[in-house]
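It should be emphasised that the depicted structure is a prediction, and the values quoted were computed from it without experimental measurement. Nothing fancy with the numbering, it's 1 onward along the sequence.
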Amino acid sequence: MSTIDSEARKYKSLLNTSTILNANLDLYQLLPLIMLYSKDLLEAEASSLFLLEEKDGFLYCEVALGEKGEIVQKYARLEPGQGIAGWVAKEKKAIILEDAYTDPRFNPALDQKTGFRTRSLVCVPLYIADKVIGTLEILNKSDNRSFESSDVEVLNSLSEMAAIAIKNAQAHEALKKRVLELRLLYEFEKLTVAEKSINELGNWLLDKVLEFLEAKAGTIYIADPTLEVLRVLAARGIPEEAIHNIQVPYGEGISGWVAREKQSLLIQNLDEDPRYDKSAKYKFEANSLISAPLLFRGELLGVISVNNKYSGFAFTHADLEMLGAIANRLSVTIKNANLFHKVLDTDRELKRAREVMHKILPSSLPYVGGLEFGVQHIPYDNVGGDFYNILKLDENRSAVLIADVSGHGLSASVVATVIHTVVSTFDSETLGSPSKFFTALNYALYNKLAGNFLTAFYAIIHTGTNTMSYTNAGHNPPILYRKSEGSSLHLETKGKLVGVIPDLFFEEYVTAFQPQDRLVLYTDGLTEHSNADRTRRYSEDLLTLAVRNHSQSHSAEAAESLIKECRTYCHRSDFEDDVTLLIVDRV
């Protein structure tokens, strides 16, 4: 084959490679592909790809491909200027060597570690808009041939395509991690209000973190400040019988260092970190690790560590940032749980909480012309975070509110009291608009609920125009039953939780609310009720059917009947959460 034909074949292969690389947005699949194609394209024995870690300024290589495509090294790290790859990244110049060992810039340490013998090499920088993001290195031309200048040109062309593909994959990976982080934190918020045991919460959270970070093992430790040791709350990757025996003194090992320094930690290669105790009795199979302290206003509550990715790749700073966000939320939950149990044991405080909650709920339902009401309110543990209110705004307009503070018991009731106080300060303009009502409430409560949040539904009923304007803030969709049509409508909206995200805008909706229409508002304690072994659960569909079946009953009687049907269906009278049911009839 002539030189011209050979070059044409290479550039044709480059075009095909570009299409394949840019179609792949999975970084962990993309990196080996780049190395494989570059090795084959230059007819070489091996290849390696170093990426620049922007935050710490070093180059790292997680996978290098040998002659038969096998992994010859799992992790290597170079400081700027160190070795051939470090020099190329620092100087932003390509390099070609016929005999690597005669060049003082070559670092034989990696050869010694892997057993691979480097003879000749070509190394080029990876650029994105004149910014170096890494290096691509090809080793040992096959059949003891030497690399040529044309090989450098081909590799430079490939590096341009590879850099773009890597940047796209990194952006995709960052977005995916952000979505996963928000999803996890939302699920975490929902679960924290239902779990009574911090052990159950810890195990659930650890499983979710490992799933999202695609890792095999991890541990959540709880701090014992008196003895200055960490004890295991939840663990995966070590024998179960060892969990209760593990105590990590502050300052010892990785977790002990994080506890003492109160700093997050990212380690790409555990074997090379002096803090890793290789002689520990119980050890994880691990190569990379991230760890974050659980802090509440500077107080150490524990440590969370995650290690050993399924892919074999090292953790990144994006992984560490996600773990840090989880650690912050877990810290608040642990602190709240500790305070909750202390207060719960005080009968005097419980009594006072019951008295306060009775005051914020309407002692009797108001008379409003054209409307009738029925209500059932069943708090968990005598006090809870559910509350409701009916406000007569003027001759034709009345406001209806139902709200559910995350959790139940004393802590939720305290938050409910605070929210009721905030609402009582709103002027008539704010109360007269569901959108303005929730915007103002979110502004007042953001970052002040100590880990709690609020779901609520607020509606303005206008008896003069037979309409209802409403906004839903993450609450269960109310049921609107139209008796004249015999139809049921769920008022589904995309409202957001109150008190979690700043500067939210809440959309307002309008629907007809005519004579014989019935509005049924409820909290999730009703539709999540189940029997003792949780094999039978009440649902929104069952509630909708019950609303239809009792449509002829007066609102007060209907409310009582709906609660009774739920208990009967589940063969269980005691609810596991606060339950509120409010029926509004247009007469």
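- Closest of all the heavy-atom pairs between Y481 and S488 is CD1-OG, 3.3 Å.
- Using modelled atom types and a 3.5 Å distance limit, the side chains of T467 and H462 yield no donor-acceptor pair.
- Judged by distance alone, the side chain of D319 and the main-chain N or O of T316 form a donor-acceptor pair under 3.5 Å.
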Residue pair Y458, Y470: steps toward the ring pair (Phe, Tyr, Trp, His ring centres under 6.0 Å) verdict:
CA-CA 6 Å; Y458 187 77; Y470 62 93; over 10 Å; no
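- Residues Q376 and V579 have side chains not in contact (no heavy-atom distance under 4.5 Å, counting atoms from C-beta outward).
- D524 and T527 share no side-chain donor-acceptor pair at under 3.5 Å.
- Summarising the geometry, atom CD1 belonging to I164 is positioned 9.5 Å from atom CD1 belonging to I133; distances are rounded to the nearest 0.5 Å.
- Judged as a side chain to side chain contact (heavy atoms under 4.5 Å, CB included), and not counting sequence neighbours, the contacts of H490 are P477, I479, E492, T544.
- Summarising the local packing, NZ of K392 is surrounded by more than 12 heavy atoms from other residues, nucleotides or ligands at distances under 6.0 Å.
- The distance from the CG atom of N203 to the CG atom of L233 is 7.0 Å, given to the nearest 0.5 Å.
- Contact detail for F438 and V498: the closest heavy-atom pair is CD2-CG2, 4.0 Å.
- Look at D517 and K483 and you find no salt bridge, because none of the NZ, NE, NH1 or NH2 atoms lies under 4.0 Å from a carboxylate O.
- Within the 4.5 Å cutoff, the side chain of F373 has heavy atoms near those of the I390 side chain.
- Residue pairs that meet the salt bridge (Lys or Arg N to Asp or Glu O under 4.0 Å) test with at least one member in residues 535-545, sequence neighbours left out, do not exist here.
- Between the side chain of D585 and the main chain of L371, no donor-acceptor pair closer than 3.5 Å is present.
- The distance from atom CG of L266 to atom CG of L289, rounded to the nearest 0.5 Å, is 8.5 Å.
- Classification of K262 and E299 as a salt-bridged pair fails, no side-chain N sitting under 4.0 Å from a carboxylate O.
- Under the 3.5 Å distance criterion, the side-chain polar atoms of R586 are matched with a main-chain donor or acceptor of G370.
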In sequence, state the C-alpha distance, the side-chain angles, and the governing distance for F575 and H529, and then conclude on ring pair (Phe, Tyr, Trp, His ring centres under 6.0 Å).
CA-CA 6 Å; F575 291 96; H529 190 45; 4.3 Å; yes
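- Rounded to the nearest 0.5 angstrom, I220 CD1 and I304 CD1 are separated by 4.0 Å.
- Taking all atoms of both residues into account, the shortest heavy-atom contact from P293 to V258 is N-CG1, 3.6 Å.
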Run the numbers on L401 and F457 for side chain to side chain contact (heavy atoms under 4.5 Å, CB included), then give the verdict.
CA-CA 6 Å; L401 169 68; F457 179 90; over 6 Å; no
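- The two residues L230 and G302 come nearest to each other via the heavy atoms CD2-CA, 4.5 Å.
- Nearest approach of D577 to G525, heavy atoms of both residues: CB-CA, 4.0 Å.
- Counting only distance, with no hydrogens or angles, the side chain of N531 and the backbone of T535 share a donor-acceptor pair below 3.5 Å.
- Remark: of the listed residues V587, L519, I583, V584, I583 is the sole one forming a side-chain contact (heavy atoms from CB on, under 4.5 Å) with S555.
- Between K216 and L210 there is no side-chain heavy-atom pair separated by less than 4.5 Å.
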Evaluate the side chain to side chain contact (heavy atoms under 4.5 Å, CB included) criterion for residues L497 and T455: first the C-alpha distance (whole Å), next the side-chain angles of each, then the deciding distance (0.1 Å), finally the verdict.
CA-CA 6 Å; L497 302 175; T455 70; 3.4 Å; yes
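- When only modelled atom types and interatomic distance are considered, H550 and E557 share no side-chain donor-acceptor pair under 3.5 Å.
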What side-chain donor-acceptor pairs closer than 3.5 Å can you find for residues 503-513, not counting sequence neighbours?
| from | atom 1 | to | atom 2 | distance (Å) |
| --- | --- | --- | --- | --- |
| E508 | OE1 | S433 | OG | 3.1 |
| E508 | OE1 | S435 | N | 3.0 |
| T511 | OG1 | R482 | NH2 | 3.2 |

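- L52 is linked by a side chain to side chain contact (heavy atoms under 4.5 Å, CB included) to L59, counting only residues two or more places apart in sequence or in another chain.
- In terms of heavy atoms, G374 sits closest to A559 at C-CB, 4.0 Å.
- Under a 3.5 Å cut-off, the side chain of S406 and the backbone N or O of F453 do form a donor-acceptor pair.
- Pairs of residues two or more places apart, or lying in two chains, that qualify as salt bridge (Lys or Arg N to Asp or Glu O under 4.0 Å) and include a residue from residues 427-449 are E429-K436.
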Quick one: do T580 and L521 satisfy side chain to side chain contact (heavy atoms under 4.5 Å, CB included)? Show the steps, please.
CA-CA 8 Å; T580 300; L521 305 97; over 6 Å; no
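- For the pair L542 and S539, the minimum side-chain heavy-atom distance is below 4.5 Å.
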Full working for side chain to side chain contact (heavy atoms under 4.5 Å, CB included) between H475 and L491:
CA-CA 10 Å; H475 197 73; L491 300 182; over 6 Å; no
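- Separation of atoms SG (C570) and OH (Y538) is listed at 8.5 Å; rounding is to 0.5 Å.
- No side-chain heavy atom of V422 sits less than 4.5 Å from a side-chain heavy atom of S424.
- More than 12 non-hydrogen atoms from other residues, nucleotides or ligands lie less than 6.0 angstrom from CG of D533.
- Within the 4.5 Å cutoff, side-chain heavy atoms of L393 are placed close to those of I460.
- Within the 4.5 Å cutoff, side-chain heavy atoms of L581 are placed close to those of L526.
- Side-chain contact annotation: T523 with D404, donor-acceptor N/O pair under 3.5 Å absent.
- Between T219 and V232 there is a side-chain heavy-atom pair separated by less than 4.5 Å.
- Checking side-chain atoms of H420 against main-chain N and O of F387 turns up no donor-acceptor pair under 3.5 Å.
- Using a 4.0 Å cut-off between a side-chain N of Lys or Arg and a carboxylate O of Asp or Glu, D574 and R567 do not qualify as a salt bridge.
- Within the model, atoms CG of N396 and CG of N466 stand 10.0 Å from one another, a figure rounded to the nearest 0.5 Å.
- Residues passing the side chain to side chain contact (heavy atoms under 4.5 Å, CB included) test with V375, sequence neighbours excluded: L365, Y388, L582.
- A donor-acceptor pair under 3.5 Å links the side-chain atoms of R548 to the main chain of G486, judged by distance alone.
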